[in-house]
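Structure, as structure tokens:
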Amino acid sequence: MSDPRVLVQALRERLSRWSAEYYQDDSPSVSDSEFDRALLELRQLESDHPELLTPDSPTQRVGAAPLAGFEPVTHRVPMLSLDNAFSADDLLDFDRRVRERLALAAVQYVCEPKLDGIAVSIVWEKGQLVLAATRGDGQTGEGITQNVKSIDCVPLALSGTDFPDYLEVRGEVYMPKAGFEAFNKRALAEGSKPFVNPRNAAAGSLRQLDSSITRRRPLAFCAYSLGHIEGAAKPFSSHSEVMQQLAQWGIPVSEYGRRVDRIEDCEAYYEELAAERQDLSFDIDGIVFKVDDFALQEALGSVSRAPRWAIARKFPAQEEMTILREVEFQVGRTGAVTPVARLDPVFVGGVTVSNATLHNADEIARLELMQGDSVIVRRAGDVIPQIAAVVADRRPGDAQPIVFPANCPACDSVLVREAGEAVWRCEAGLVCPAQRKASIAHFVSRRAMDIDGLGGKIIDQLIEKNLVSTVADLYTLDRETLAAMERFGDKSAENLISAIEKSRETTLARFVYALGIREVGETTARQLATYFGALEPLLSASKEMLQEVEDVGPVVAEHVIHFFEQPANRETISRLLQGGIHWPLPQADTGDLPLSGQAWVVTGKLETMPREKAEAVLRGFGARVSSSVSGKTSVVVAGPGAGSKLKKAQSLEVSVISEEEFLARLAAWRA
Ligand code: D41
């Protein structure tokens, strides 16, 4: 009754969809057994009706038996390598050589990202994928046909028409960043070793003898040139033409390729992609520039296995190897003890790196790190340098284990690790000199009170000389005292005094952030400031009330309460305010909130929330909240039991609303 043709078609569609869900999105909508049943059913139908078997059937991506080893594959045309340019000058030299050899005034180039993956060759015969091999030494590589067939974006059969009888394409197999992160996350969760970077992940995945393992790795392919071809409908005349044609046959090519008319545009392209590098969905390690015209490529030829018509301008390396000399343990503002690696300086990611964070004790264990190890340091974009891996086979005989201290390196208090936390903490608070120092450094930092000229060395001296023990003491410093500090002249003293003076005028949000409450970063501080409008209601806020603030959960609320409960902190805050720190009243700096410019009064007892909270909410929406009704009052919220204020409002014909109406308006403002 059912046409096998229709069944086969339906099964293939279903399997393609499921495998995309499974392999790419990592969110299968069916069970493994259901998937396997469908695959088995399709396999059965195809063997019963061999005429229905097509080379691009999902059954062809999987199911080959594991190999005993890789077969050598000799490339019909050698796979060349690329010369490197390390500077803009190198690139100009390349262009000059090209133009001189060709005796041309200008040459057209194609610019394309240099994917950081593994170079492979793939052959389609009569449109069917028949062979794939690694680059190897350029002459002979290894046969990895089944592994490459398992990569979803590689077409098993070419689409369109007019493809050559024999088409060899070279390109890069790589692992997109998102797939890499997802893969590593899973590896960590399963207790297996994560990959250091997407390139290693791609290499490791292609090296599998069992292609069902490769199949589960989120790999992709991007073509960058032709290899040997036979029986083409018409000859190609340029690289850009080839790329367009490959795309039409369904072979992935870079969407970033661009043809330009002059070398200056190549440099501009390089700068453009260097800036975009972090945001690309895949790792690149440079830009490749190629003479576009095949006749010119041929005229230029190659030297020692690299074409004269192409060059790779490398980006500064994001990974380098260096030696871990020792690990220091730093105590932060909140008492968290962070291991910091001291490294032999290396140039990586465009800067010289001699320190890298090790995060916590678990990270040291995960890396299996020892003092004296050779390590891979990674610095991508603006992120802080990380140790990506240990190079195990370079470990010296005298490598020392790294011992996490039991006591605070600054004040000797016993370190504590809370259940479920990765971090060891010194709980001595501001008694600990390291925490005192860090809290002052945080307080004066640019995004907090922004006191310029108070660097770590000066803070050290101020603490050692007992001139400053809390941030409040900063506001008692005078010029003479400061001028007496080491390496501190009259001029710096004067500048610092005026920076301190200037910092007295701030915002509530900055002030709250500057206090350095655990887990209260800039955003949370701003949200607390907006919600409460003033310091007093924040100081006395309950845990429940705090959790009304966006992004504040029970943990942050607990930290806030704990901070304000400490008498020492209360004392510091009141001294700071006495010292002249102030901020505009909330109504002064708003103008675009729903209640900006309005004066509200809340009277009586509200059913759904304490009056203070209603007032805080109103401030959050820009209202001035007052305790007495006058002709200037915009609205009075009157709960049950409202007395004289309600009467006054009525006599002044001020608008009065019920709690119910208040809640309705709240919902509307929030919407
Ligand atoms: O994206 C790349 N990694 C890439 C590599 C590229 N875009 N183009 C390339 N072009 C060549 C020539 C010019 C020799 C055809 C290459 C490579 N070669 C290459 N990759 C590994 C070795 C050579």
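Start at 1 and go down the list; that is how both ligands and their atoms are numbered.
Among all protein heavy atoms, the one lying closest to atom 21 (C) of ligand 1 is Ala119 CB, 3.7 Å. Among protein heavy atoms, the minimum distance from atom 23 (C) of ligand 1 is reached at Leu80 O, 3.3 Å.
Separating the CD atom in Gln139 from the CZ atom in Arg305 is a distance of 5.0 Å, to the nearest 0.5 Å. Atom CE in Met321 sits 11.5 Å away from atom CG in Asp373 (nearest 0.5 Å). To the nearest 0.5 angstrom, Gln244 atom CD is 11.0 Å from His239 atom NE2.
If you look at Phe329 and Phe404, their ring centroids are closer than 6.0 Å. The six-membered or imidazole ring of Tyr166 lies near that of His228, with a centre-to-centre distance under 6.0 Å. The aromatic ring centres of Phe180 and Phe195 sit 6.0 Å or more apart.
Proximity annotation for atom 7 (N) of ligand 1: of Glu172, Met79, Glu112, His239, Glu112 comes nearest, heavy atoms only. If you check each of Trp309, Phe282, Tyr224 against atom 18 (N) of ligand 1, the one with the closest non-hydrogen atom is Tyr224. When the options Leu115, Ile118, Val110 are ranked by their closest heavy atom to atom 2 (C) of ligand 1, first place goes to Leu115.
Of all atoms in ligand 1, numbered sequentially from 1 with element shown, those under 4.0 Å from a heavy atom of Ser225 are 15 (C). Those atoms of ligand 1 that come under 4.0 Å of a heavy atom in Ala310, given as number and element, are 13 (C). Contact atoms of ligand 1 toward Arg135: 22 (C) (distance under 4.0 Å to a heavy atom of the residue). For ligand 1, the atoms closer than 4.0 angstrom to any heavy atom of Pro113 are 1 (O), 7 (N).
Between Lys290 and ligand 1, a contact under 3.5 Å exists for at least one N or O pair.
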**Request:** Begin with the C-alpha distance, continue with both residues' side-chain angles, and end with the deciding distance and a verdict on ring pair (Phe, Tyr, Trp, His ring centres under 6.0 Å) for Phe315 and Tyr270.
**Result:** CA-CA 9 Å; Phe315 290 134; Tyr270 172 89; 5.0 Å; yes
